Asks: 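Have a look at this one.
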Protein chains: 2
Amino acid sequence: MDNEDVLRRSQAACDALSADDDGLKREVLTHAGNRWSLGVVHTLGVAGKLRHAEIGRRMHGVTQRMLTRTLRQLERDGLVVRHDHHEVPPRVEYELSEIGMGLLVQMIPLWTWVIENAEGFRNARQSYDLQVNALTEE
Amino acid sequence: MDNEDVLRRSQAACDALSADDDGLKREVLTHAGNRWSLGVVHTLGVAGKLRHAEIGRRMHGVTQRMLTRTLRQLERDGLVVRHDHHEVPPRVEYELSEIGMGLLVQMIPLWTWVIENAEGFRNARQSYDLQVNALTEE
DNA sequence: CAGTATCCTTGCGGATACTG
DNA sequence: CAGTATCCGCAAGGATACTG
């Protein structure tokens, strides 16, 4: 993919995102950036079908509230399927949908790239913050 | 890339993101999900070097405040370079950095996929909302 | 177990007015 | 022109306690 190709394809993609009348696509993209979404998608992708508590155990730091909220959002976006077995005590399992698996696949190159460029982000931020401090201390 | 390969690579990527002590990588990902970030990155990618007002003109609906804020954030993340010519009246130009161009490239497959699956999202949301309405109206 | 309910803080997004 | 300053509403994220 050469430089022109990049621009042509990004043009097409951004046109489509701009013409996004109801904001649905941007919303999905935003949700993907939320605190726990990527972790849940990944966890379910790796492990298959999991119960609520089991997901919580595998993800460090998530509270019950945020896990429930994230799962509801992912379910609403069609990325996760909720299986309620209607038992007492309750047993509810979650798994990635087809489309959710698709997202997982699409996210991987981006994640990999972000990880590879982490040092660059850190350096950029440091020099930026230094500059700002120097200015405000004048 | 077969199914196992997907899982192996997502495992590696998510391990790296989980070990993200300072949250820097997640932060960059979150910023990419913000309202105007993608548009600015795209606009600069297509047009090259642009002035503040020129970016505003090319992006429908953005306010001065949000544009400035978005540019500051992108600059802090190292995705955008700010050229202040120190003239009166002020002339400031922005352009994508190398690393910013890299993000643009990485985002394209994801955007394309989101656009292609927009119908899926819409359907998922509709049936979800219908179910919720049916439950709360009981 | 799988959630709600409540309360809180933070930051996004936006409108409007002002300035070097 | 390229921003600040000030206001607002809203949703994300989190802590804690309670429930069928």
Side-chain angles (χ1 to χ4, degrees), chain A residues 20 23-24 26-40 43-44 49-77 80-95 131-132 135-136 138, chain B residues 20 23-24 26-40 43-44 49-77 80-95 131-132 135-136 138:
Chain A
D20 186 13
L24 182 67
R26 261 215 70 271
E27 211 172 303
V28 173
L29 241 31
T30 304
H31 292 168
N34 282 354
R35 181 78 185 85
W36 302 107
S37 302
L38 294 182
V40 169
T43 304
L44 289 178
K49 211 177 284 184
L50 285 180
R51 302 181 62 168
H52 182 110
E54 186 59 29
I55 304 174
R57 236 167 277 132
R58 296 188 187 215
M59 299 184 46
H60 191 63
V62 67
T63 61
Q64 270 191 347
R65 189 176 111 83
M66 287 318 295
L67 183 53
T68 301
R69 214 208 257 229
T70 304
L71 284 167
R72 287 278 181 284
Q73 200 171 64
L74 292 173
E75 189 193 354
R76 184 154 186 257
D77 288 346
V80 156
V81 185
R82 183 172 182 274
H83 303 281
D84 190 340
H85 295 269
H86 301 285
E87 298 175 357
V88 179
R91 189 159 68 91
V92 181
E93 288 178 315
Y94 295 90
E95 65 174 336
Q131 272 186 29
V132 171
L135 286 175
T136 51
E138 266 175 14
Chain B
D20 186 13
L24 182 67
R26 261 215 68 271
E27 214 171 300
V28 173
L29 243 29
T30 304
H31 291 169
N34 283 355
R35 182 79 185 83
W36 302 105
S37 304
L38 294 181
V40 170
T43 304
L44 290 178
K49 211 177 283 184
L50 285 180
R51 303 180 62 169
H52 181 110
E54 187 59 29
I55 304 174
R57 236 167 278 133
R58 297 189 185 213
M59 299 183 47
H60 192 65
V62 68
T63 61
Q64 271 191 346
R65 188 176 111 83
M66 287 317 294
L67 182 53
T68 301
R69 215 208 258 232
T70 305
L71 285 167
R72 288 276 181 284
Q73 200 171 63
L74 292 173
E75 190 194 354
R76 186 155 186 255
D77 287 347
V80 156
V81 185
R82 184 173 182 273
H83 303 280
D84 190 341
H85 294 269
H86 300 287
E87 295 175 2
V88 179
R91 190 159 69 90
V92 181
E93 290 178 315
Y94 295 90
E95 64 175 337
Q131 272 186 29
V132 171
L135 285 177
T136 50
E138 265 175 14

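This is a predicted model, so every value here is computed, not measured. In what follows, chains carry the letters A, B, and so on, assigned in the order in which the sequence lines appear, proteins first and then strands, with residues in each chain numbered from 1.
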Asks: Using a 3.5 Å cut-off on both pairing distances, which stems of three or more Watson-Crick or G-U pairs include DNA chain C?
Replies: C:1-20 with D:1-20
Asks: Closest approach of B:Thr68 and B:His52, non-hydrogen atoms and distance?
Replies: OG1-CE1, 3.1 Å
Asks: Look at the side-chain N and O atoms of B:Trp36 and state whether any lies under 4.0 Å from the OP1 or OP2 oxygen of C:dC12.
Replies: no
Asks: Identify, between A:Arg65 and A:Arg91, the residue whose nearest nucleotide on DNA chain C lies closer to the 5' end.
Replies: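 Nearest-nucleotide comparison on DNA chain C picks A:Arg91.
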Asks: Side chain of A:Val92, heavy atoms from C-beta onward: which of C:dA2, D:dC1, D:dA2 has the nearest atom to it?
Replies: C:dA2
Asks: Please determine if a side-chain N or O atom of A:Tyr94 lies less than 4.0 Å away from the OP1 or OP2 oxygen of C:dC1.
Replies: no
Asks: Does any non-hydrogen side-chain atom of B:Met66 lie less than 4.5 Å from one of B:Arg35?
Replies: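 No, side chains not in contact.
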Asks: If I take atom CD in residue A:Gln64 and atom C1' in nucleotide D:dC18, what distance separates them, rounded to the nearest angstrom?
Replies: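 Value for this atom pair: 11 Å.
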Asks: Heavy atoms from C-beta onward define the side chain here; which of D:dT4, C:dG13, C:dG3 lies closest to that of B:Arg72?
Replies: D:dT4
Asks: In whole angstroms, how far is the C1' atom of C:dG11 from the CG atom of B:Asn34?
Replies: 10 Å
Asks: Check whether any side-chain heavy atom of A:Leu50 lies under 4.5 Å from a side-chain heavy atom of A:Arg58, and answer yes or no.
Replies: yes
Asks: Take the protein atom CD of A:Glu87 and the nucleotide atom P of C:dG3, then report the distance between them rounded to whole Å.
Replies: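 These atoms are roughly 13 Å apart.
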Asks: D:dG3, OP1 or OP2 - any side-chain N/O from B:His52 closer than 4.0 Å?
Replies: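 Affirmative; the distance criterion is met.
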Asks: How long is the line joining CD of A:Glu54 and P of C:dC1, in whole Å?
Replies: 10 Å
Asks: To the nearest angstrom, how far is B:Arg69 atom CZ from D:dG3 atom P?
Replies: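 My rounded result for the distance is 15 Å.
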Asks: Using side-chain heavy atoms (C-beta onward) and a distance below 4.5 Å, is B:Arg82 in contact with B:Val92?
Replies: yes
Asks: Looking only at side chains, do A:Arg26 and A:Thr30 share a donor and an acceptor under 3.5 Å apart?
Replies: yes
Asks: To the nearest Å, give me how far apart NE2 (A:His85) and P (C:dA2) are.
Replies: 10 Å
Asks: Judged by each residue's nearest nucleotide on DNA chain D, which is more toward the 5′ side, A:Gln73 or A:Pro89?
Replies: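 Going by which nucleotide is closer to the 5' end, it is A:Gln73.
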Asks: Closest to the B:Arg35 side chain: D:dG13, D:dC1, C:dG13?
Replies: C:dG13
Asks: Got A:His31 and A:Leu74 here, is their nearest side-chain heavy-atom distance under 4.5 Å?
Replies: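 Not in contact.
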Asks: I need the CG-P distance between A:Leu74 and D:dA12, as an integer number of Å.
Replies: 12 Å
Asks: Heavy-atom distance under 4.5 Å between the side chains of A:Ile55 and A:Leu71, does that happen here?
Replies: yes
Asks: For the pair made of CE in A:Met66 and P in C:dG3, what is the distance, rounded to whole Å?
Replies: 15 Å
Asks: May I ask you to evaluate whether B:Arg51 reaches the phosphate of D:dC1, defined as a side-chain N or O under 4.0 Å from OP1 or OP2?
Replies: no
